[in-house]
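What follows is a single structure, written as structure tokens, with notes after it.
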Amino acid sequence: MRKELTKLLFSACLLGGASASQAGLLIGGDAANQASASAIVDIVFMIDTSASMSDDISAIGAAANRVVANLSCPDIDCYVRARFMGITGNSGSVFNENVRSYVLGKSGTPTSDQSEDNGWGVVDLVNYFDWGTDATATQKNYHAIVTIGDEGTENGSPVNAMDFVAAKAANEAAIAAGIFLFSWVTDDPFAGVPALFRAMAIGGDPGNGELYGSTGGAYLEGLSGVDVEARLEEIICFVAGGGEDPEEPGSVPIPSSLALVGLALFGMRRSLRSRH
């Protein structure tokens, strides 16, 4: 009870400060504070802010604060810094900053220049985001990007050769930097988009015969009818466990081809446990 009270007070203070001083940043987690955490997670949720995504932006934005403040990861005490960004545009109460402006603000040269540059936005985040390295000797730092959209990875639909270039660049950048990449395709995607997003995150052939590697993240589909809070929590907890099964700390990481299944099973286990 004391830990939970401390955690609630700590999260309330941080969330209040974050929303007042830094757009798009939510701080919280499963631990009472950063010092007591076993894992420190920096995670960026990056979304296409074009018109077709407005309902998805609203759904994720409505869940974001509650998830970060009330996170509950089995057997993991994690401290989370979650950032919510558009690619070149802002939208809603949470996605109120964007990757391109962030990079320019750091005197960098962004590769993203369109609202639907889901691949190039990942490259920019890998190269320019202030990824935390403040873990102590008894803690772990984990970094992740969740790229969310319904069109190609380079200036939207249709999927063409440039989309494959952007997706491959994102995939290789994330692997080289040791950053988990999650690709989330929302409802009614354009032709070729699911295969492209899947390969970008977990490897395989995106549709042009070229094989991509695994980033250790996961591929997710759909948003209508999805428990958005549960999905956001599962993603964060998966990262906080270093890609391990949250129910079996120290186990072999879940293979990338089974990552989505792993997230689903994790959610099922939490639901079953909550009934007892």
Side-chain angles (χ1 to χ4, degrees), residues 24 26 28-30 41 43-74 80 82-87 91-95 116 118 121-122 144-153 157 180-202 215-241 243 245-247 254 256-275:
L26 299 178
D30 199 280
V41 173
I43 184 167
V44 182
F45 293 86
M46 181 190 73
I47 200 163
D48 161 10
T49 55
S50 62
S52 65
M53 295 291 293
S54 59
D55 53 341
D56 307 310
I57 291 168
S58 296
I60 295 172
N65 278 281
R66 293 191 296 271
V67 170
V68 175
N70 302 304
L71 194 70
S72 179
C73 300
V80 179
R83 203 71 171 257
F84 295 81
M85 294 182 170
I87 301 170
S91 184
S93 60
V94 174
F95 293 97
E116 295 155 328
N118 284 83
V122 170
I145 298 169
V146 184
T147 182
I148 309 165
D150 61 356
E151 298 189 36
T153 53
S157 65
F180 291 103
L181 179 56
F182 294 78
S183 57
W184 185 346
V185 173
T186 57
D187 304 317
D188 302 318
F190 285 79
V193 171
L196 183 68
F197 270 62
R198 182 191 302 273
M200 183 167 59
I202 66 174
T215 70
Y219 167 74
L220 307 103
E221 283 187 351
L223 206 143
S224 295
V226 169
D227 184 336
V228 178
E229 288 190 32
R231 176 165 287 185
L232 294 177
E233 182 170 87
E234 288 164 4
I235 291 170
I236 296 171
C237 291
F238 183 80
V239 175
D245 182 341
E247 290 290 323
I254 299 172
S256 60
S257 60
L258 299 179
L260 179 55
V261 176
L263 290 176
L265 291 176
F266 171 39
M268 186 182 300
R269 283 195 297 267
R270 291 198 67 245
S271 176
L272 291 172
R273 290 178 64 187
S274 67
R275 298 177 187 174

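Counting from 1, the numbers follow the sequence of the chain as shown.
Here CZ of Phe182 is found 9.5 Å from CD1 of Ile236. Values are rounded to the nearest 0.5 Å. Between Ile145 atom CD1 and Arg83 atom CZ the span is 12.5 Å, to the nearest 0.5 Å. Here CG of Asp188 is found 7.5 Å from OG of Ser224. Values are rounded to the nearest 0.5 Å. To the nearest 0.5 Å, the span separating CH2 on Trp184 from CE on Met46 amounts to 13.5 Å. One finds the CG atom of Asn118 at 9.5 Å from the OG atom of Ser183 (value rounded to the nearest 0.5 Å). In this structure, CD1 on Ile47 lies 10.0 Å from OG on Ser54, to the nearest 0.5 angstrom.
Listed by chain and residue number, Leu26, Phe84, Val94 satisfy the side chain to side chain contact (heavy atoms under 4.5 Å, CB included) test with Ala64 (two or more places apart in sequence, or in another chain). For Ala230, the side chain to side chain contact (heavy atoms under 4.5 Å, CB included) criterion is met by Asp227, Glu234, not counting sequence neighbours.
Using a 4.5 Å heavy-atom cutoff, the side chains of Ser91 and Met53 are not in contact. Counting heavy atoms from C-beta on, the side chains of Leu220 and Val226 never come closer than 4.5 Å.
Here the shortest heavy-atom pairing between Gly29 and Val80 reads CA-CG2, 4.1 Å. The two residues Phe45 and Leu232 make their nearest non-hydrogen contact at CE2-CD2, 3.6 Å. The minimum heavy-atom distance between Val68 and Ala82, with the atom names listed, is CG2-CB, 4.0 Å. In terms of heavy atoms, Gly243 sits closest to Phe180 at N-CZ, 3.8 Å. Between Glu221 and Arg231, the closest heavy-atom pair is O-NH1, 3.1 Å. The shortest heavy-atom contact between Leu181 and Met200 is CD2-O, 3.4 Å.
Without hydrogens or angle criteria, Thr215 side chain to Ala201 main chain gives a donor-acceptor distance under 3.5 Å. Looking at Asp48, its side chain never comes within 3.5 Å of a backbone N or O of Ile87 through a donor-acceptor pair. Side-chain atoms of Glu233 come within 3.5 Å of backbone N or O of Ser72 as a donor-acceptor pair.
No option in Val185, Asp150, Val228 other than Val228 meets the side chain to side chain contact (heavy atoms under 4.5 Å, CB included) test with Leu223.
Within the structure, the salt bridge (charged side-chain N to carboxylate O under 4.0 Å, His left out) test picks out the following pairs touching residues 52-70 (sequence neighbours left out): Arg66-Glu229.
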